[in-house]
Amino acid sequence: QVQLVESGGGLVQAGDSLRLSCAASGRTFSSSVMGWFRQAPGKEREFVATISWSAESTYYADSVKGRFTISRDNAENTVYLQMNSLKPEDTAVYYCGVGRVFTVQERQYLYWGQGTQVTVSS
């Protein structure tokens, strides 16, 4: 059984930064692709960023490229999402997931955390 716990969300102003964390347990984290997705009110969950097991490869949605950075610490079984220059349109519940492959496709992510709310005021 895989367990993922996100943390680090909150209420910030436009231009501020936040760092989200996702702590994993229950399987071999260090060999797993990890991804961040988000879901805004009234919208479908969308891809944000993904990172390979070795951290050699990362990929970002165009909407966050240059502002967000995904990273991981395999010794701590944790993946991070550093979010800078936040915008009101970044407001959403952010989820981390364990991916079967390095992909942006949500259906390839097998396990999800409960999510953490990020709210950016203008």
| query | Within a radius of less than 6.0 Å around CH2 of Trp112, do more than 12 heavy atoms belonging to other residues, nucleotides or ligands occur? | reply |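 Yes - once you tally the heavy atoms of other residues, nucleotides and ligands closer than 6.0 Å, there are more than 12.
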With the side chain counted from C-beta on, respond yes when [X] and [Y] share a heavy-atom pair under 4.5 Å apart, and no when they do not.
X	Y	answer
Trp36	Leu20	yes
Gln39	Glu46	no
Leu4	Met34	yes
Thr103	Thr50	no
Leu81	Val48	yes

| message | Enumerate the salt bridge (Lys or Arg N to Asp or Glu O under 4.0 Å) contacts for residues 103-122, please, sequence neighbours excluded, ordered by first and then second residue. | response |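 Only Arg45-Glu106 qualify under salt bridge (Lys or Arg N to Asp or Glu O under 4.0 Å).
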| query | If you look at every heavy atom in Val93 and Gln117, which pair is closest and at what distance? | reply |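 Result for this residue pair: CG2-OE1, 3.2 Å.
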| Distance-minimising heavy-atom pair for Ala14 and Ser122 |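 That closest heavy-atom pairing would be CB-CA, 4.4 Å.
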| query | Could Arg38 and Phe47 be counted as a cation-pi pair, given that NZ or CZ must be under 6.0 Å from the ring centre and within 45° of the axis? | reply |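 No - Arg38 does not lie over the ring of Phe47 by the 6.0 Å and 45° rule.
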Path from [X] to [Y] over hydrophobic side-chain contacts below 4.5 Å:
X	Y	result
Phe29	Val98	yes
Leu110	Ile51	yes
Leu86	Phe37	no
Val79	Val104	no

| request: Please test Thr91 against Glu89 for side chain to side chain donor-acceptor pair (under 3.5 Å), starting from the C-alpha separation and ending with a verdict. | output: CA-CA 5 Å; Thr91 295; Glu89 51 263 44; over 6 Å; no
| With sequence neighbours left out, which residue pairs that include part of residues 58-106 fulfil the ring-ring contact (aromatic ring centres under 6.0 Å, His included) condition? |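 Output for this query is empty, none listed.
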| task | Could you list the residues that satisfy side chain to side chain donor-acceptor pair (under 3.5 Å) with Gln3, not counting sequence neighbours? | result |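 Listed in chain order: nothing, the list is empty.
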Donor-acceptor check, side chain of [X] to backbone of [Y], threshold 3.5 angstrom: yes or no?
X	Y	result
Ser52	Ser57	yes
Asp90	Val118	no
Glu6	Ser21	no
Thr116	Gly9	yes

| Ionic contact status for Lys65 with Asp62, cut-off 4.0 Å |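 Salt bridge between Asp62 and Lys65, a charged N being under 4.0 Å from a carboxylate O: yes.
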About how many Å separate [atom2] of [Y] and [atom1] of [X], when rounded to the nearest 0.5 Å?
X	Y	atom1	atom2	value
Ser30	Glu76	OG	CD	12.5 Å
Thr69	Met83	OG1	CE	11.0 Å
Gln108	Arg100	CD	CZ	4.5 Å

| query | Can you check side chain to side chain donor-acceptor pair (under 3.5 Å) on Asn84 and Ser17, steps first, answer last? | reply | CA-CA 4 Å; Asn84 298 330; Ser17 298; 2.9 Å; yes
